[in-house]
Protein chains: 2
Amino acid sequence: MPTIRDVAKLAGVAPITVSRVINDSSYVKLDTRERVEAAIEELGYVPNMLGQSLRFKQTMTLAVIITDITNPFWTTVTRGVEDVAQEHGYLTILCNTDESENKQEQYLQMLLRRRIDGILLVSASNDAKPVELVKKQKIPLVLMDRNVENVDVDIVRSDTEEGAYKLTNHLLSLGHRKITMLAGPRDIFTSVDRTKGFCRAFEEVGIEISNEQIIWGEFTKEAGYLMAQQALQNDILPTALFAANNFVAVGALQALQEKDIRVPEQIAIVAVDDIPPAYTINPFLTVAKQPAREMGKQAAQLLLNRVEGTMDAPCQEIVLPVQMIIRASGGEKVLS
Amino acid sequence: MPTIRDVAKLAGVAPITVSRVINDSSYVKLDTRERVEAAIEELGYVPNMLGQSLRFKQTMTLAVIITDITNPFWTTVTRGVEDVAQEHGYLTILCNTDESENKQEQYLQMLLRRRIDGILLVSASNDAKPVELVKKQKIPLVLMDRNVENVDVDIVRSDTEEGAYKLTNHLLSLGHRKITMLAGPRDIFTSVDRTKGFCRAFEEVGIEISNEQIIWGEFTKEAGYLMAQQALQNDILPTALFAANNFVAVGALQALQEKDIRVPEQIAIVAVDDIPPAYTINPFLTVAKQPAREMGKQAAQLLLNRVEGTMDAPCQEIVLPVQMIIRASGGEKVLS
DNA sequence: GCATATCATGATACGCGTACCATAAATGTG
DNA sequence: CACATTTATGGTACGCGTATCATGATATGC
C-alpha cells in the first residue's frame with residue numbers, strides 16, 4: 001500500500017506538501033497540486049488515518065453501544081446517531097451487548113484502546129462502573145434511554161414514566177380498575193420508571209395497588225407470554241394488561257390468543273413502544289411511542305458538543321416526550 | 001492520557017519492557033512484570049491501538065456493510081459475523097447504507113482510510129465498482145447475500161432461487177395456477193434470482209408465464225401494498241401471491257385485508273424470509289427461511305481466512321440451503 | 001572454570017502523517 | 001530600489017508502540 005512518501009516521490013515534492021494537498025491546508029501552487037493529485041490517482045493512494053489520528057489525537061469515530069441489535073427500536077436510535085455523526089464527518093461503530101455486562105465491558109475496552117472520540121451507551125448494567133471506567137479516560141460519554149445509579153453523566157432519554165402514566169390513565173378513564181402490569185426487569189432504570197408511572201396513575205385516583213398487580217420479568221416476547229399466563233392465574237382476573245414494551249405485548253397477545261381470550265372485548269392491552277409498522281398488517285395496539293430516531297440525534301449532538309467543545313460544562317439530562325397512539329386494543333369504555 | 005513511556009518511567013523500566021508485559025511476549029522477570037502492572041493500574045493506562053496498528057499493520061477490525069439496519073434479517077446476519085469476529089478478537093464496525101450507492105461509497109472510503117482488516121459487503125449496487133475499489137487496495141472482501149456482476153470475489157449467500165422454486169412448487173402442487181409474483185427491484189441479484197426460481201417451477205410443469213404474472217417493485221411493505229393492489233386489478237384474478245420477501249408479504253396482506261379478501265381461503269400467499277417471531281402473535285405465513293446468522297458466520301469465517309491467511313486462494317461461492325416452513329397461508333388443496 | 005544457552009533489559013529506528021520552524025521566491029509598498 | 005508581506009516548499013521531529021539488534025546477567029553442561 002502506497003504511503004504519503006511514495007506519492008511525494010512520484011510527484012517530486014516533499015511528503016508534507018502531499019499532506020497539504022490532502023488536507024487542503026496552507027498554500028500549494030495549482031501546478032503542484034495537480035501533479036500531486038495525479039500521483040495520488042496513479043498510485044491509488046488512500047491516506048492512512050492511523051497516522052493522522054496519532055497526530056491529531058482524534059479518530060473521527062464515535063461508538064454506539066446498544067443492548068439488542070435485532071430490536072428495531074435500538075437500530076432506529078442508531079440511525080438517528082448516524083444522521084448527526086455523518087453530518088459532522090464522523091464514523092459510527094455499533095456494538096451489541098445482548099444485555100451482557102461482560103460483553104459491554106469487553107467492547108468498552110476495545111473502544112478505549114482504539115481511542116474513539118466519544119461513546120453513546122445504552123447500559124446493560126445498572127451500576128456506575130462502566131461509566132466511570134470511561135470517564136476516567138476522559139472520553140466523552142452520553143447515556144441513552146437508561147440511567148444508571150450515582151453518577152453525574154449526560155443522558156438523553158424519553159419520558160416513559162409519563163408515557164406509562166398516560167397509558168394507565170387511559171385505561172382507568174375507560175373504566176378499568178383491575179389492570180396488571182407486565183413489567184420489565186427489576187433492575188433496569190426504564191423498567192422501574194415505567195412501573196412508577198403505572199403506580200402514579202393509580203395513586204392519583206386513590207386506588208391501592210396490590211402486589212399481584214405488578215409482575216416483573218424481562219423485555220422479551222417469551223417473558224411477556226409467561227407473565228400474561230401468570231396474570232391470568234391470579235385470583236382476581238384483570239380486565240386490562242399493561243405491557244412494559246412491545247415485545248412483552250406480543251408475547252402477552254399470544255398467551256391470550258391461546259386461551260381464546262378476545263382483545264379488547266374480554267381483556268384490554270396497552271404497551272410502551274410501538275411495533276414497527278413494517279411488521280404489522282393491522283396496527284391495533286394502543287401504545288406510548290418513544291421518539292427513537294430523535295433520541296439518537298439529540299444524544300449524538302450532545303456527545304459531539306462534548307467532543308468538539310468543552311468537557312467542563314455541567315452534565316445535562318434531556319428528557320423527550322413520548323407520543324400516545326390510541327388504537328383499538330385499549331377497547332371501549334367498560335363499566336366495572 | 002498516559003502513554004507507554006509514562007508507565008515505563010513510573011515502573012523504572014524502558015518502554016519496550018512495558019510493551020512486553022502488555023503483549024506477553026518475550027521474557028520479563030516476575031518482579032519486573034509486577035512493577036509494570038502496578039504502574040499500569042496506577043495510571044489507568046490503556047494501550048493505544050493506533051500505535052500498535054501502525055506497527056503491526058493490522059487493526060483487528062472488520063466492517064460489515066448492510067443496506068438496512070432496521071431490518072432484523074440483516075442485523076441477524078451481523079450477529080453471526082460478530083460471533084465469529086469476537087471469537088478471533090476482532091471488533092466489528094457496522095455500516096448502514098440505506099440502499100444508497102452514495103452512502104456505500106462514502107463508507108468504503110472511511111473504512112479504507114482506517115485500514116480495516118476486511119470488509120463484509122451487502123452491496124447496494126449491482127455493479128462491480130465498489131468491489132474493485134476495495135480489491136485494488138488489497139483489502140479482503142466477502143460479499144453477502146447479493147452477487148454483483150462481472151467480478152471474481154468471495155460470496156456467501158443462500159439459495160433463494162431454490163427457495164422460490166420450492167415455494168412456487170408448493171403452490172402449484174396445491175392446485176394454484178394463477179400465481180402472481182410480487183418481485184423486488186429489477187436490478188438486485190437476489191430479486192432476479194427469486195424470480196428465476198418462480199419461473200423454473202412453472203416451466204417444469206409446462207405452464208407459460210404471462211407478463212402480468214410478475215410485478216417488479218421494491219423490498220418494502222409499501223411496495224408490497226402497491227404491487228398487491230396492482231395484482232388484484234389484473235384481468236385474471238390470481239388465486240395466490242408470491243411475495244419476494246417478508247416486508248412485501250406484510251404490505252400485500254394489508255392490501256388484501258382492506259379489500260376484505262380472506263387469506264388463505266380466497267387467496268393464498270407465500271413469501272421468502274420469515275417474519276421475526278418477536279413480532280408475530282400467530283405465525284401463519286408459509287415461507288422459505290434463510291439461515292441469516294449462519295450466513296454471517298460463514299462469511300466472517302471466510303473473510304478471516306483471507307485476512308489471516310492467503311489472498312491467493314481462488315474465490316469461493318458458498319450457497320446455503322433455505323428452509324421451507326409450511327404454515328397456513330398457502331391454504332389447502334384447491335381445484336381450479 | 002570456561003564455553004554455551006537461556007533469560008532479561010535497553011537503545012535506536014521505524015510505521016505514517018503532520019506541527020513547527022526555516023527558507024526562498026513572488027508580490028506589494030513607499 | 002530597499003524593505004515588508006504573502007506565497008510556496010521543505011527539513012526535522014514528534015505522536016505511540018514495537019522490531020531489531022545489542023548487551024549484560026544467570027544458568028547449564030562438561
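In the text below, chain A, chain B and the rest are named by the order of the sequence lines, each starting its count at 1.
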B/Ile4 versus B/Ser19, closest heavy-atom pair with distance:
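Result for this residue pair: CD1-N, 3.6 Å.
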Provide, to the nearest angstrom, the distance between the [atom1] atom belonging to [X] and the [atom2] atom belonging to [N].
X       : N      : atom1 : atom2 : value
A/Asp31 : D/dT9  : CG    : P     : 8 Å
A/Asp24 : D/dA8  : CG    : C1'   : 15 Å
B/Asn48 : C/dG15 : CG    : P     : 19 Å
B/Tyr27 : C/dA8  : OH    : P     : 8 Å
B/Ile4  : C/dG10 : CD1   : C1'   : 13 Å
A/Lys9  : C/dC16 : NZ    : C1'   : 14 Å
A/Leu54 : C/dA19 : CG    : P     : 13 Å
A/Arg5  : C/dC16 : CZ    : C1'   : 6 Å

Is any N or O donor-acceptor pair between the side chain of [X] and the base of [N] shorter than 3.5 Å?
X        : N      : value
B/Arg55  : C/dC14 : yes
B/Arg115 : C/dG15 : no
A/Arg20  : C/dG17 : no

Less than 4.0 Å between a side-chain N and a carboxylate O, is that true for B/Asp24 and B/Arg33?
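Salt bridge: yes.
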Salt-bridged, A/Arg146 to A/Asp193, with N to O below 4.0 Å?
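No, this pair does not count.
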I want to verify a distance call: between [options], whose nearest atom is closest to the [X] side chain?
X       : options                : answer
A/Thr3  : C/dC16, C/dT9, C/dG10  : C/dC16
B/Lys57 : D/dG17, D/dG10, C/dG15 : C/dG15
A/Tyr45 : C/dG17, D/dT18, D/dT9  : C/dG17

Tell me whether the side-chain N/O atoms of B/Ser19 come closer than 4.0 Å to OP1 or OP2 in D/dG17.
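So the side-chain polar atoms of B/Ser19 never come under 4.0 Å of the phosphate oxygens OP1 or OP2 of D/dG17.
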Can you tell me if the side-chain N/O atoms of A/Gln52 get under 4.0 Å from OP1 or OP2 in C/dC16?
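A/Gln52 to C/dC16 OP1/OP2: no side-chain N or O under 4.0 Å.
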Name the residue closer to the 5' end of DNA chain C, choosing between A/Asn23 and B/Arg35 according to the nucleotide with the nearest heavy atom.
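First, find each residue's nearest nucleotide; the 5'-ward one identifies B/Arg35.
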On DNA chain D, does the nearest nucleotide to A/Thr32 precede the nearest nucleotide to A/Leu50 from the 5' side, or the other way round? Give the residue.
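Here A/Thr32 is the residue nearer the 5' end.
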Describe the nucleic acid contact of B/Val13 in one word from base, sugar-phosphate, nothing, applying a heavy-atom distance below 4.0 Å.
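Sugar-phosphate contact only - B/Val13 comes under 4.0 Å of backbone atoms but never of a base.
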With no hydrogens and no angle check, is any side-chain donor or acceptor of A/Ser53 less than 3.5 Å from a backbone partner on A/Met49?
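Present.
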Would you confirm whether B/Ser26, through its side chain, and B/Arg20, through its main-chain N or O, come within 3.5 Å as a donor-acceptor pair?
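Looks like no, no N/O pair under 3.5 Å.
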